[in-house]
J.: 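So that we are looking at the same thing, I have put the structure below in structure tokens.
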Amino acid sequence: MEINKAKTVRLRNEEHFQFHKEAKELIEQFTPAALHVEALYPQYQQRFADETDALDTMRKNSISDALAEKDQHRDKKHRGLKSFIASTLTFDDEAFVQAAIRLMALLKFYGNVAKKPYNEETGAIHSLVNDLREKYADDVTTIGATNLVNSLDDANKSFESLMRLRYTSEAAKSELRMKETRIATDASYFAIVERINAGIIFNGEEGYTEFVKEMNERIERMHLVLALRFGQKTDDAPENPVQ
């Protein structure tokens, strides 16, 4: 028995807030002491308060989800490129495999760009595309990924244009702050989950069973919402950016 992984990264802002609101209320219901997370809970509480404040600011500024959707779109393009490169590792052609190995190493170097704040993600993808078109151009051509690289570049430029042209500097700051507070809230939540799952292993399931059951029900419900939105099976719900 354990708390399932919550893939919160592609939740919309209101959904992300609601998920953590319910998680926080559930922890309080069972009490941090009983769950042995007293040392971790205050930080989670504070980071959720910061996210609440950031969301309230966005609501007052009447900021739509347009920028968040553009961000999700480029994240999808990045995942698609990574999946395609990974798939070529199974090819019989040695040239394909070696090219894919080098490209996967490059993607690993850049890490999960979706977890970065907006401006950092934009810069990271820009640098990645440049590397793919210059230093790794032959490898990209070998596996036939040129169109995918171009598609990622287009999505990143589209996001960047909307960031520059549609929103005022204050609105952009609100969006940036929202993403940063979401990342911080997730980090605190995952630390609590890790502690509880470890407690189950070392202390046994007694005292955790009902909490885990109710938490997993909330996680399953969240993944179903994502699966329906993105036309995926529930088991294939998107992985852990934001927005």
Side-chain angles (χ1 to χ4, degrees), residues 3-29 41 43-79 112-122 155 158-160 162-163 165-193 214-234 236-243:
I3 300 173
N4 296 331
K5 182 178 180 181
K7 302 172 183 178
T8 60
V9 69
R10 295 183 72 191
L11 290 172
R12 291 171 179 166
N13 289 327
E14 295 283 355
E15 294 167 343
H16 191 272
F17 165 81
Q18 186 61 33
F19 172 78
H20 283 293
K21 179 175 181 291
E22 292 183 13
K24 177 175 170 293
E25 290 172 349
L26 195 60
I27 293 171
E28 291 173 351
Q29 176 186 333
Y41 183 69
Q43 183 185 67
Y44 181 47
Q45 192 174 34
Q46 181 58 54
R47 288 181 172 179
F48 177 74
D50 291 342
E51 179 175 334
T52 302
D53 184 62
L55 183 59
D56 286 342
T57 300
M58 288 184 64
R59 287 166 175 161
K60 292 174 184 177
N61 289 337
S62 300
I63 297 176
S64 71
D65 283 335
L67 197 60
E69 291 174 359
K70 288 280 187 182
D71 184 42
Q72 290 177 0
H73 178 66
R74 66 177 178 179
D75 291 344
K76 181 178 179 180
K77 295 298 182 181
H78 180 264
R79 288 193 303 274
N112 188 351
V113 296
K115 289 188 175 181
K116 298 179 182 294
Y118 281 155
N119 56 340
E120 292 182 21
E121 180 177 354
T122 300
S158 178
F159 173 88
E160 189 174 21
L162 183 60
M163 188 79 169
L165 301 177
R166 181 162 182 175
Y167 294 103
T168 65
S169 59
E170 284 304 311
K173 287 178 182 177
S174 295
E175 287 281 1
L176 287 166
R177 184 183 173 215
M178 187 64 203
K179 185 165 187 176
E180 290 165 355
T181 59
R182 284 181 53 151
I183 292 170
T185 302
D186 281 344
S188 289
Y189 167 80
F190 292 137
I192 287 175
V193 169
E214 293 198 33
M215 192 68 240
N216 282 343
E217 286 177 354
R218 288 160 173 76
I219 293 169
E220 183 179 357
R221 185 167 67 245
M222 175 191 71
H223 289 169
L224 179 60
V225 169
L226 290 173
L228 292 173
R229 178 182 303 151
F230 294 98
Q232 299 169 328
K233 295 179 180 179
T234 304
D236 296 327
E239 293 202 4
N240 207 34
V242 170
Q243 306 298 325

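In what follows, every heavy atom counts, from backbone to side chain, and hydrogens, waters and symmetry copies are set aside. Values in this document were obtained by computation on a predicted structure and should not be read as measured data. One-based numbering along the sequence shown.
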J.: Is a side-chain donor or acceptor of His73 paired with a backbone partner of Ala155 at a separation under 3.5 angstrom?
T.: no
J.: Within this structure, what is the CZ-CD distance for the pair Phe159 and Glu69, rounded to the nearest 0.5 Å?
T.: 12.0 Å
J.: Can you list the steps and then say if Met178 with Asn13 is a side chain to side chain contact (heavy atoms under 4.5 Å, CB included)?
T.: CA-CA 8 Å; Met178 187 64 203; Asn13 289 327; 3.6 Å; yes
J.: Say whether Gln43 and Ser188, considering side chains only, have a donor N or O and an acceptor N or O under 3.5 Å apart.
T.: yes
J.: Please find the pair of heavy atoms, one from Ala23 and one from Met215, that lie closest to each other, and give the distance.
T.: CB-CE, 3.8 Å
J.: Just how far is it from atom NZ of Lys21 to atom OG1 of Thr185, taken to the nearest 0.5 Å?
T.: 14.5 Å
J.: Less than 4.5 Å apart, side chain to side chain, heavy atoms only: is that true for Tyr44 and Ile27?
T.: yes
J.: For the side chain of Arg182 and the backbone of Leu11, is there at least one donor-acceptor N/O pair under 3.5 Å apart?
T.: yes
J.: Quick check: are there more than 12 heavy atoms from other residues, nucleotides or ligands sitting under 6.0 Å from NZ of Lys24?
T.: yes
J.: Roughly how far apart are Lys70 NZ and Tyr118 OH, rounded to 0.5 Å?
T.: 12.5 Å
J.: CD1 of Ile219 to CD1 of Ile3: how many Å apart, nearest 0.5 Å?
T.: 6.5 Å
J.: Measure the CD-NZ distance between Glu120 and Lys115 for me, rounded to the nearest 0.5 Å.
T.: 14.0 Å
J.: For the backbone of Lys116 and the side chain of Lys179, can you confirm whether one donor and one acceptor N or O come within less than 3.5 Å of each other?
T.: yes
J.: Scan His16, Glu14, Glu22 and name whichever one has a side chain to side chain donor-acceptor pair (under 3.5 Å) with Gln18.
T.: Glu22
J.: Tell me every residue that passes side chain to side chain contact (heavy atoms under 4.5 Å, CB included) with Glu214, counting only those two or more places apart in sequence or in another chain.
T.: Leu26, Gln29, Phe30, Arg218
J.: So which heavy atom on Pro117 is nearest to which on Ile183, and how close?
T.: N-CD1, 4.3 Å
J.: Return the minimal non-hydrogen interatomic distance between Asp71 and Glu121, and the atom names on each side.
T.: OD1-OE1, 3.0 Å
J.: Drop me the distance from Glu15's CD to Met222's CE, to the nearest 0.5 angstrom.
T.: 9.5 Å
J.: Could you tell me how the ring of Phe48 sits relative to the ring of His20: parallel (under 30°), tilted (30 to 60°) or perpendicular (over 60°)?
T.: tilted
J.: Locate the shortest heavy-atom distance separating Arg47 from Ala187; write the atom from each residue and the value.
T.: NH1-CB, 3.9 Å
J.: Could you check whether Arg74 and Ser158, counting side-chain N and O atoms only, form a donor-acceptor pair closer than 3.5 Å?
T.: no
J.: State whether the side chain of Asn216 and the backbone N or O of Asn4 hold a donor-acceptor pair below 3.5 Å, judged by distance alone.
T.: yes
